Amino acid sequence: MMKSLFLLSMIMTSSVLAWAGDVIVSSPNEKLQVTISDAGGRLYYSVTLDGQQVLQPSALGLKTSIGDFTTQLSILTTNLSPLTSSYEMRGTKASSATYKANTLTLDVQNKDGRKFSVIFQVSDNDIAFRYQIPRQAINKKEYKRARILAELSSFNFPDGTTTFISPQIGPETGWEQTKPSYEEGYSADSPMDTPSQYGHGYIFPALFHISLTSRSASPLGSSKNPSPLTSKNIWVLVSETGVSSGYCGSHLSDYQSGTGYTIAYPDRGENNGFGTDFAAIPLPGETPWRTITVGNTLKPIVETTISYDLVEPLYEPSIDYKPGRYTWSWLLWQDNSVNYDDQVKFIDLASTMGFEYCLVDNWWDTQIGRERIEELSKYAQSKGVHLLLWYNSNGFWNDAPQTPRNCMNTAIAREREMKWLQSIGVKGIKVDFFGGDKQETMRLYEDILSDANRYGLQVVFHGCTIPRGWERMYPNYVASEAVLASENLFFGEEATIREGFDLTLHPFCRNATASMDWGGIIMNKWMSRDNKSRHTRKTTDIFELASGIIMQTSVQCVAMQPNNLDELPQFELDFLRDLPTTWEETRYIDGYPGKYVILARKANNGQWYIAGLNALKEPLTLTLNLKDFQGLSQLYIDNKKGEPTLTSLKLDKKACTKITLQPNGGLIIK
């Protein structure tokens, strides 16, 4: 016998007895539906949107030290309830959000009588699920803790789905054995059965494109002339959130036909082999949330706040942390620029531009010295600027020689260092070179953040994992690199060629789930200190300016050089001086991952900015309907030669404007 439970418009919590069959939970608007089955003693879920298949039967279950929760399972009870929550945030794509979902809790038992629960939360465009294990007694033994050895959760997409995903790399690889660090390139519209580059699966977030082709019913008498084929697109973004020191980070396995992608835990060799490749939790305990964002367009993908909807702040901010912009000498001037005189130049540049911060990168402790850093910080403050300082995360998990070392890897060292940083007026730290996704490494991230908060320090991570809800969980967290970022534009011409692709992909993927420290709006034409040598930037000035709006992080790097003050048109300098970094609202307008993107962001002062990037090799002409955006009057755009122009915005009677983005070009409307 089959039993189905539909969530239509529930007001009160209900609990019912269930048996082998299907349990169905729908979104508040009833368009997104999850079906869970325990037929055959295994748990599976499937997903539809407007009746179209998004995920085929996909596995659920855990293997743990207290029991096997993968086979011979039965659903005991289900509990259904609506959920509404509202919150405000600092420094993400939206300053506030209201989350409405229907919650389904399934209490499940294995053949040995050991229990666990699966919780689904389904909002109009987002699905989240996680597992809970209660404290329980079996044969007079009480289980108070558990090791989570493996997770069967899978994502089984229909055949023909294409992927926008980045491979996970193996441990102790890359420069000075600093990987994995989420810095591999992304594919675009690749088949699911393409093996991952390094044989370790794929990182979060992962974007999938389902293209459905169908033929509508033919009218009577027209069987010889069937209706034309029509296609329908479904976009799916898969990630996780809520990972703290209490769990490891996860990624996706390689694709397996009939199974799809499965949750994979860290490689045993990560963190130089130290720490477990599984998670350990007290009981009662729970796993992080697995998230699935679904839409018929890319709008829900870009605008989702699911990473933050599911988590809560873990502590209060010690001060009112300030967003802003920072200058950074290292990006183009490299290690030799980390000296007192060159840093003064970038402090002066920040001051002239009205930027809040200047980042002093690696080797400052040896090439400037601690006493002179105190002097440099005083000088910066006299110019209305505060320093951010770089650190090696340290320990034995990487061979990177850059200093300062031995300052962030223990509580005693952090206490001493952060107290000193606070005393000299430093406002933030950038910590680099982590060892992977083990629970041990997640504990280090959390400890750095928590300790830094006590001393009023904001934190940026580089050479690191992706953030997983951290902007809300840790109020002094700013952003993570976790992407093949702007420093690579200096290292080789290939990265400059890829820049357009990368920055039109990440709004739909990496930057859709979390803040991203790309590391620089680059205004030099050449990737060199003299702006005359090495290889050239391939994007236009307007592309770079617009990237400052497309990329989202509350402390944004504007990688200007002192020479830019004399080289850039005045209207470009004026734009950068006024560039916001925090947003009240974000809206998707148009785009395709890796090809082009048009976004609207509303600054905290109420001003709308429309920004666009074109990664194509040919001009792209679009008609933009701007009736929902008030106060727009200026258009920044490239002419046919790729030169920057500032003109008055012209709208027709329907508040539309026709614009042409040049190859590797951009637009800004404000």
Side-chain angles (χ1 to χ4, degrees), residues 23 25 32 34-47 54-65 67-73 75 103-108 110 115-122 126-133 146-158 161 163 165 168 192 196 200-208 236-243 246-266 277-279 281 285-294 306-307 310 437 439 466 468-469 513:
V23 181
V25 55
L32 187 60
V34 180
T35 302
I36 302 97
S37 171
D38 64 355
R42 294 178 180 269
L43 284 183
Y44 292 94
Y45 74 103
S46 57
V47 176
V54 175
L55 287 176
Q56 300 172 141
S58 303
L60 294 168
L62 299 172
K63 290 186 176 181
T64 80
S65 61
D68 184 348
F69 298 116
T70 64
T71 62
Q72 297 181 277
L73 303 174
I75 298 173
T103 300
L104 169 65
T105 300
L106 303 105
D107 296 322
V108 184
N110 72 2
K115 299 178 177 65
F116 78 118
S117 299
V118 187
I119 299 93
F120 276 88
Q121 290 187 184
V122 184
D126 296 289
I127 298 164
F129 67 90
R130 68 177 175 182
Y131 304 93
Q132 289 182 341
I133 303 177
R147 299 187 302 278
I148 313 301
L149 306 174
E151 183 174 331
L152 262 65
S153 304
S154 68
F155 308 88
N156 189 15
F157 292 96
T161 298
T163 69
I165 50 181
Q168 172 76 310
M192 291 189 292
S196 62
H200 290 268
Y202 299 94
I203 65 171
F204 289 129
L207 179 65
F208 299 90
V236 185
L237 185 65
V238 177
S239 194
E240 67 176 357
T241 192
V243 181
Y247 216 83
C248 62
S250 305
H251 61 280
L252 294 177
S253 70
D254 267 276
Y255 173 79
Q256 294 181 329
S257 180
T259 299
Y261 302 87
T262 302
I263 291 290
Y265 284 177
D277 54 353
F278 54 82
I281 62 173
E286 56 201 18
T287 69
W289 292 100
R290 314 304 176 200
T291 65
I292 308 166
T293 302
V294 186
I306 193 63
S307 296
L310 301 166
D437 287 336
Q439 188 170 350
I466 60 160
R468 295 161 165 92
T513 61

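Sequential numbering from 1 along the given sequence is applied to the chain's residues. Just so we're clear, the structure is a prediction, and the values are computed from it rather than from any experiment. Atom set for the values below is all heavy atoms of this structure, side chains included, hydrogens, waters and symmetry mates excluded.
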task: Evaluate the side-chain contact (heavy atoms from CB on, under 4.5 Å) criterion for residues T259 and S253: first the C-alpha distance (whole Å), next the side-chain angles of each, then the deciding distance (0.1 Å), finally the verdict.
output: CA-CA 11 Å; T259 299; S253 70; over 6 Å; no
query: Is there a donor-acceptor pair under 3.5 Å between the side chain of N110 and the backbone N or O of D68?
result: yes
Side-chain heavy atoms of Y265 within contact of L149, under 4.5 Å: no
- prompt: Would you say Y202's side chain and H251's backbone share a donor-acceptor pair under 3.5 angstrom?
  reply: no
query: Who are the side-chain hydrogen bond (donor to acceptor under 3.5 Å, both in side chains) partners of D126, not counting sequence neighbours?
result: T293, T304
Option passing side-chain contact (heavy atoms from CB on, under 4.5 Å) with F204 (candidates V243, I263, D437, T513): I263
- request: Identify, with sequence neighbours excluded, every residue that meets salt bridge (charged side-chain N to carboxylate O under 4.0 Å, His left out) alongside E240.
  value: R290, R468
field: Backbone N/O of N156 and side chain of S58: donor-acceptor pair under 3.5 Å
entry: yes
message: For Y261, give me all partners under ring-ring contact (aromatic ring centres under 6.0 Å, His included), at least two apart in sequence or on another chain.
response: F208, Y255
task: Could you go through the side-chain contact (heavy atoms from CB on, under 4.5 Å) check for V236 and L55 one step at a time?
output: CA-CA 10 Å; V236 185; L55 287 176; 5.8 Å; no
task: Not counting sequence neighbours, which residues clear side-chain hydrogen bond (donor to acceptor under 3.5 Å, both in side chains) with T161? List them please.
output: none
- request: Applying ring-ring contact (aromatic ring centres under 6.0 Å, His included), name anything that partners F116, two or more places apart in sequence or on another chain.
  value: F69
field: Any donor-acceptor pair under 3.5 Å from T163 side chain to I165 backbone
entry: no
query: Between F129 and Y45, what is the ring plane arrangement, given parallel below 30°, perpendicular above 60°, and tilted in between?
result: tilted
- prompt: Can any side-chain N or O of Y44 pair as donor or acceptor with the backbone N or O of T35 at less than 3.5 Å?
  reply: no
query: Got a sec, which residues hit salt bridge (charged side-chain N to carboxylate O under 4.0 Å, His left out) with D277, two or more places apart in sequence or on another chain?
result: R268
field: Test item: L60 and I36 side chains (from C-beta on) under 4.5 Å apart, heavy atoms
entry: yes
